Novice: 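One structure is given below, represented as structure tokens, and several questions about it will come after.
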Amino acid sequence: MKEIMMEQSQRTYLPAAGHDLFLPFYDLLTKLMGGDQARKVLLGQANLRPGQRVLDAGCGTGTLAVLIKRLYPSVTVVGLDPDPRALARARRKAKRAALSVRFDQGFSDELPYAEASFDRVFSSFMLHHLQPGEKQKTLREVWRVLQPGGSLHLLDFGGPKSGAKGFLARFVHSSQHLKDNAEDRILALMRQANFHEPRVAGHQTVLFGHADVVYYQGAVPASKLNAATC
Ligand SMILES: C[S@@+](CC[C@H](N)C(=O)[O-])C[C@H]1O[C@@H](n2cnc3c(N)ncnc32)[C@H](O)[C@@H]1O
């Protein structure tokens, strides 16, 4: 399957299922390969509290954002993605569930939010869609929009060793995009973006045992000033 980079206002991005044509099957395929379970684990690691503000960066069809709002009704939930088709699906999903979730069109390395806007930022199965330079900028942007004391909760496929072969593997873009997704590399990028003691919070096997998912956590210290000068 040839991957098509879609355009949005002069910029390209890799859409959720690799191509717009496959987007209608994305939720089902992700569920079958263990994605729903993985997002629940990620959410459980975030220790969300009532009244907090949450961003899901690269929210795609909005499954995690809608789940957060369903489980934590008093939390303000915002999802962001460059893909208007995925966002349309996300908005329909929230409407069907009668939940108020805001979905914004944009890129994770140019977040359209003020500094310290969120208590938690989530990113699920998104990082491997970014080019190497975009990853670093994204993590810096996430740090900027997080409140002091806030945290990033990220999950993604592991490096190339976890790549499987066949249709489902191509669906997750294993061959090209996992090359830049090794654990050490992600942790180093988080450190460079000023996250305090970023760590791997867990591993899980998905895709019927063929691929590894890695959970990461990075905290913003109570004083951002100290961290920025480290
Ligand atoms: C595999 S999907 C994951 C979607 C969702 N987070 C989930 O758990 O199902 C990757 C998403 O990243 C989005 N994406 C690609 N490039 C992006 C960028 N530069 N900034 C934000 N999102 C991006 C794609 O449009 C796609 O919706």
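Side chains included, hydrogens not; waters and symmetry mates left out as well; all remaining heavy atoms used. Position 1 is the first residue of the sequence; numbering continues from there. As the structure lists them, so they are numbered: ligands from 1, and atoms in each ligand from 1. Since the structure is predicted, the reported quantities are computational estimates derived from the model, not experimental observations.
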Novice: Within the 4.5 Å heavy-atom criterion, are V121 and V145 side-chain neighbours or not?
Specialist: yes

Novice: For atom 22 (N) of ligand 1, tell me which residue out of G62, S108, P82 has the closest non-hydrogen atom.
Specialist: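 Shortest heavy-atom distance from atom 22 (N) of ligand 1: P82.
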
Novice: A side-chain contact here means heavy atoms from C-beta on lying under 4.5 Å apart; do D156 and I186 qualify?
Specialist: no

Novice: Looking at M126, which atoms of ligand 1 are within less than 4.0 Å of one of its heavy atoms?
Specialist: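 Checking each atom against M126, I get 12 (O).
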
Novice: Flag Y13 as yes when one of its N or O atoms lies below 3.5 Å from any N or O atom of ligand 1, and as no otherwise.
Specialist: no

Novice: Ligand 1 versus A17, non-hydrogen atoms closer than 4.0 Å: side chain, backbone, both, neither?
Specialist: neither

Novice: With backbone taken as N, CA, C and O and side chain as the heavy atoms from C-beta onward, which portion of E134 lies under 4.0 Å from ligand 1: side chain, backbone, both, or neither?
Specialist: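 No part of E134 comes within reach of ligand 1.
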
Novice: So which heavy atom on G158 is nearest to which on V214, and how close?
Specialist: CA-CG2, 3.9 Å

Novice: Any heavy atom of L14 closer to ligand 1 than 4.0 angstrom?
Specialist: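 It does; at least one heavy atom falls under 4.0 Å.
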
Novice: State whether the shortest distance between N or O atoms of R39 and N or O atoms of ligand 1 falls below 3.5 angstrom.
Specialist: yes

Novice: Heavy-atom contact under 4.0 Å between L130 and ligand 1?
Specialist: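 Yes; L130 lies near enough to ligand 1 that a heavy-atom distance drops under 4.0 Å.
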
Novice: Students often mix this up, so state it plainly: with edges at 30° and 60°, are the rings of H128 and F157 parallel, tilted or perpendicular?
Specialist: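 Judged by the thresholds at 30° and 60°, the geometry between H128 and F157 is perpendicular.
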
Novice: Identify the two heavy atoms, one from R39 and one from L64, that lie closest to each other, and give their separation to 0.1 Å.
Specialist: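 Minimum heavy-atom separation between R39 and L64: CD-CB, 3.8 Å.
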
Novice: Short list, please: which atoms of ligand 1 are under 4.0 Å from a heavy atom of F107?
Specialist: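 Per the distance check, 18 (C), 19 (N), 20 (N).
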
Novice: Do any heavy atoms of A86 fall under 4.0 Å from ligand 1?
Specialist: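 A86: no contact with ligand 1 (<4.0 Å).
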
Novice: Assess whether side-chain hydrogen bond (donor to acceptor under 3.5 Å, both in side chains) is satisfied between K69 and S100, documenting all intermediate values.
Specialist: CA-CA 8 Å; K69 189 66 185 176; S100 168; 5.5 Å; no

Novice: Is it the case that N181 and K135 place a side-chain donor and acceptor less than 3.5 Å from each other?
Specialist: yes

Novice: Any salt bridge linking E134 with K137? Criterion: basic side-chain nitrogen under 4.0 Å from a carboxylate oxygen.
Specialist: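 Result for this pair is no, no salt bridge flagged.
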
Novice: Give a yes or no on whether a salt bridge exists between E115 and K224, defined as a side-chain N under 4.0 angstrom from a carboxylate O.
Specialist: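 No, E115 and K224 are not salt-bridged.
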
Novice: If you count the atoms of ligand 1 from 1 in the order shown, which ones are under 4.0 Å from a heavy atom of G60?
Specialist: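 It comes down to these atoms of ligand 1: 4 (C), 27 (O).
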
Novice: Return yes when D81 approaches ligand 1 closer than 4.0 angstrom through a heavy atom, no otherwise.
Specialist: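 So D81 counts as touching ligand 1.
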
Novice: Report, in ascending order of atom number, the atoms of ligand 1 lying under 4.0 Å from any heavy atom of D83.
Specialist: 25 (O)

